[in-house]
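Structure, as structure tokens:
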Amino acid sequence: MGGPIGVGFLGCGPVTQAIHLPTLATMPERFRVARVMDVNRDVAGAVAARCGAAPSVAENEVYDDPVVEIVVVCSPNAAHAEQVIASCRAGKRVVLCEKPLAVSRAEGDEIARVALETNTPIIVGTMHAYDPAYRAAYAAWEELEESASFVLSSIYLPANGVFINQATDEVELAAAAPAQGAGDHSDPAFQAMMIRNAMLGLAIHNVPLIRELYSSVGQMLSARFLRPFGYALAMRHEEQVASLQALMPGVWPPHWNLRAIGRKNELNIAFPPSYVLAGSSRSELIAEGETRVFEGPRNGYEAMWTHVGEVAAGAAEPRISLDVIVSDLGFAFDLADGAEEILMAKP
Amino acid sequence: MTQKFTAHVPKAAPAAALHRSVLATLPNHFDVVGSSNADAVLIDGFSVERHISARVLVLDGLPSAALSLTPSSIVVPAHQFAPRLLADKNFAAARAIPFSLINIEVDTARPDDDLLPRALLEQLAAVRLLASGAPRLTSVERCGRGFVATGTVAGRDIWVTLTSFPSPVGAAKLSLAAVSPTHRLRVDVDATAIARPAAIRLLGPDGSVEGIQVYQNSHRLTWLKVHELLSSPTAGVELSVGDVNEDLETVHEWLP
């Protein structure tokens, strides 16, 4: 086996700095950050200096660098599709794209087409889908041949900065990020747009997990935008009901839970917040009156990167197939479309 | 010295055994009598008129129509969960907070459709107590063996989601999450054990506040409330007959 695999980043914002670089720092034998690109030259330089990588302000330098075998797309959402496709065409071994994979269904389809054409494995950074405790609990749930009657995803989070600042010293920028939720909150079109943003930015984290329990959006029953940034959606598909709720930022401790009630069994998953390597979820499977608890020291980010390494080495196929990745994205759009229909129909 | 009153629990009442076991732990407060001519009478929703002379009626059931009572009548609903919420200091503190979202899940003890209206009634009471306003449902969708309901609270910018499904393990319980940017309330009431304390945490900028837990079930708290109403002329009820009737009407409208 060779040395560490070269990794290149497109975008050096908080996700790169607070999530991926600290995670990769725990796996120096497997990965080496070879090149980091950011449109802000100072940021690229500062981040590169931290991890011993070469800085770039041009995307092409990442695609053209033969040392870079894994491309990590951490740029603004609107750039994801173009950069994933370019990485595929550059012949990279694996592309890890932060969620969402794309900002339209057409972009998702185009990524799938190019990934198939170039035989490039695509992995989306939905870290909870790799959380070892969740995976173990879900495997046990599947063994019971259980299906969910009711699924509840509830996400109540403090501001991201609370956790970013605990995960790393972020490169200081002069410009502040635009405030979330500025606009006319009474305007249904604004509410629909905010929910769409929330589906692609927040709900998307759990979409692969929700879809393992509740496969299709079906009929949207209710949708509400919650200020300053959140949502409450309820939907039904055949004999299943799902409820998705989120609110942020708050000044209380985080809550990131997934609950599924089946006929005879129940799943309760409590995930740690994003950014920090705080171990796995605490996953409970209540079956036949007994509670099995799954919990461990490894976080979803760590498990995801281990998987990326295995796929890059040709030792494994992506755990989440390309078809599923694209249909997960479609599910997020279905959520946003269903919510928009309800909000815009209100008198 | 505690003043004693008489309580009547009809043998035919569905939850008679539970109420009797609870009253057995309040021997200084009540004498359980066989006659319906008592200070307080347990009613199941179908026998109100027969017991109109009682000073307090404890309602443990789901009347098929609104209660028709004189203005001086006092009705105390024997909810499974609400009294435990009211007994908690964190819940009391949370009642002043303008939440954005209230989500309540009630797991019923059995996969029995008859339990769903009662579950909704419990949820409506909890919303009413927490939000200090009347729940206004905009949809209730029956699905499989449960339901999902959504709505608001009259005069408040609060979104309400209520769901109820049978517990896979036969454990009747209520889980409540109320969220605003400044506070988050988390309630878990497991009604399987007679005195398992409710876990009620109010989370805010100063962290979590948790007091000494209450090791009493809702019915004991209800009967203590009945005693307070009988012994103190200034004692009031949290849910008026009008509130109860309004919630009953909502239940019958959406889950006929």
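Below, chains carry the letters A, B, ... as their sequence lines are ordered, and counting in each starts from 1.
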Shortest non-hydrogen separation from A:Val241 to B:Cys143 and the atoms involved: CG2-CB, 3.2 Å
Which portion of B:Thr152 sits near chain A, non-hydrogen atoms under 4.5 angstrom: side chain
Heavy atoms of other groups near B:Arg95 CZ, more than 12 under 6.0 Å: yes
Interchain contact, B:Thr163 with chain A, by part (heavy-atom threshold 4.5 Å): side chain
Atom group of B:Pro205 that falls short of 4.5 Å from chain A, counting heavy atoms: both
Any donor-acceptor pair under 3.5 Å from A:Trp252 side chain to B:Ser180 backbone: yes
Residue among A:Arg259, A:Gln240, A:Glu290 with most heavy-atom pairs under 4.5 Å to chain B: A:Arg259
Shortest non-hydrogen contact between A:Gly262 and B:Pro168, atoms and distance: O-CG, 3.5 Å
Side chain, backbone, both or neither of A:Ser149 within contact of chain B (heavy atoms, under 4.5 Å): both
Closest heavy-atom pair and its distance - B:Arg142, A:Arg236: O-NH1, 2.7 Å
Within residues 243-256 of chain B, residues adjacent to chain A where the heavy-atom gap is under 4.5 Å: none
A:Pro249 versus chain B, the contacting section by heavy-atom distance below 4.5 Å: backbone
Residue A:Ala234 versus chain B: region with a heavy atom under 4.5 Å: side chain
Interface residues of residues 16-23 of chain B facing chain A - heavy atom cut-off under 4.5 Å: none
Which portion of B:Ala171 sits near chain A, non-hydrogen atoms under 4.5 angstrom: neither
Among the listed options B:Asp157, B:Thr138, B:Val148, B:Asp107, the residue most often paired with chain A at heavy-atom distances under 4.5 Å: B:Asp107
Max heavy-atom pair count under 4.5 Å with chain A, selected residue of B:Leu101, B:Leu203, B:Val179, B:Thr182: B:Val179
B:Ser100 versus A:Arg227, closest heavy-atom pair with distance: OG-O, 3.9 Å
Proximity breakdown for B:Arg145 and chain A, heavy-atom pairs closer than 4.5 Å: side chain
Chain A interface, residue from B:Asn103, B:Thr150, B:Thr161 that has the most non-hydrogen pairs under 4.5 Å: B:Asn103
Least distance between heavy atoms, A:Leu152 atom then B:Glu105 atom: CD2-OE2, 2.9 Å
Largest heavy-atom contact set with chain B, pairs under 4.5 Å, which of A:Met248, A:Arg263, A:His255: A:Arg263
B:Val169 to A:Glu288 - nearest heavy-atom pair and separation: CG1-N, 4.5 Å
